[in-house]
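Notes follow once the structure below has been shown.
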Amino acid sequence: MKSVAALLLVMILCSCNSKNTDNENKIIGKWVGEIIIPKTGKSVGKMYLEFTKDGDFFQKTGEGKAQVVSKLSYRIGKDKIFYKGNITGNKEFDSNYHFRDDVLVMEVGGAHIDYKRIEN
């Protein structure tokens, strides 16, 4: 009986790790989303995201001289992306996420933002 319970535990742990690995591979690439102010529904522009195989995360907003690019490191959890870098004071923050078909849906500050893949 103990061996059956141990085998089930190993299978559960492997299946959870497999889902994280699938999501880690799926998230790698470049994404674009429209940033909408929740109270007004107005767009404030596009946000570009890039997740690399090496664990780097780039976030770009604005154009020209107003462009801001941030570089952080990231790691993937079951339903969260964890970030940290200079702009976070090297403290780790997280965002909920999931995939809806080929769309990356992230929850930031209670708002859901859809990001479409623009490059692998």
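Note: hydrogens, waters and symmetry copies are ignored here, and every other heavy atom, side chains too, is used.
- More than 12 heavy atoms of other shown residues, nucleotides or ligands fall within 6.0 angstrom of atom NZ in Lys80.
- Judged by a 6.0 Å distance limit and a 45° cone about the ring axis, Lys60 is positioned over the six-membered ring of Tyr48.
- Ionic pairing of Glu92 and Arg75 is present here: one or more N-O contacts between side-chain nitrogen and carboxylate oxygen are shorter than 4.0 angstrom.
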**Request:** Would you sort out whether Phe57 and Phe51 count as a ring pair (Phe, Tyr, Trp, His ring centres under 6.0 Å), showing the intermediate values?
**Result:** CA-CA 5 Å; Phe57 169 67; Phe51 295 89; 4.7 Å; yes
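- Neither Ile113 nor Val103 shares a network with the other; the hydrophobic side chains, linked directly or stepwise wherever heavy atoms of I, L, V, M, F, W or Y lie under 4.5 Å apart, form separate groups for each.
- Between the NZ atom of Lys78 and the CG atom of Asn96 there is a distance of 11.5 Å, given to the nearest 0.5 Å.
- Checking Asp56 against Tyr74 by side-chain atom types alone, no donor-acceptor pair falls below 3.5 Å.
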**Trace of the side-chain contact (heavy atoms from CB on, under 4.5 Å) decision for Asp114 with Arg100** = CA-CA 9 Å; Asp114 292 352; Arg100 186 178 62 243; 2.6 Å; yes
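- Note: the hydrophobic cluster containing Tyr83 does not contain Val69 (ILVMFWY, side chain heavy atoms under 4.5 Å, direct or indirect links).
- To the nearest 0.5 angstrom, Tyr115 atom OH is 16.0 Å from Lys30 atom NZ.
- Residues Leu72 and Ile35 share a single hydrophobic cluster, defined by chaining ILVMFWY side chains whose heavy atoms lie under 4.5 Å apart.
- For the residue pair Asn90/Lys84, the side-chain donor-acceptor check at 3.5 Å is not satisfied.
- Remark: side-chain polar atoms of Arg117 are paired, donor with acceptor, to backbone N or O of Ile28 under 3.5 angstrom.
- Side-chain contact between Asp94 and Ile81 is absent, with no heavy atoms from C-beta onward closer than 4.5 Å.
- When all heavy atoms of Ser95 and Met106 are compared, the closest pair comes out as CB-CE, 4.1 Å.
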**Request:** Evaluate side-chain contact (heavy atoms from CB on, under 4.5 Å) for Ile27 paired with Leu104, printing each intermediate quantity in order.
**Result:** CA-CA 8 Å; Ile27 204 166; Leu104 170 62; 4.2 Å; yes
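- A cation-pi arrangement is found for Lys26 relative to Phe99, the charged atom lying closer than 6.0 Å to the ring centre and inside a 45° cone about the ring normal.
- The minimum heavy-atom distance between Trp31 and Asp102, with the atom names listed, is CZ3-O, 3.6 Å.
- Note that the CD1 atom of Ile37 and the OG atom of Ser43 stand 8.5 Å from one another [nearest 0.5 Å].
- In terms of hydrophobic clustering, with Ile, Leu, Val, Met, Phe, Trp and Tyr side chains grouped at heavy-atom distances under 4.5 Å, Phe93 and Met47 are assigned to different clusters.
- Lys53 contributes atom NZ, which lies 13.0 Å from atom CD of Glu24 (distance to the nearest 0.5 angstrom).
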**Asked** Does the side chain to side chain donor-acceptor pair (under 3.5 Å) test come out yes or no for Gln59 and Ser70, once each step is laid out?
**Response** CA-CA 5 Å; Gln59 179 179 332; Ser70 303; 5.5 Å; no
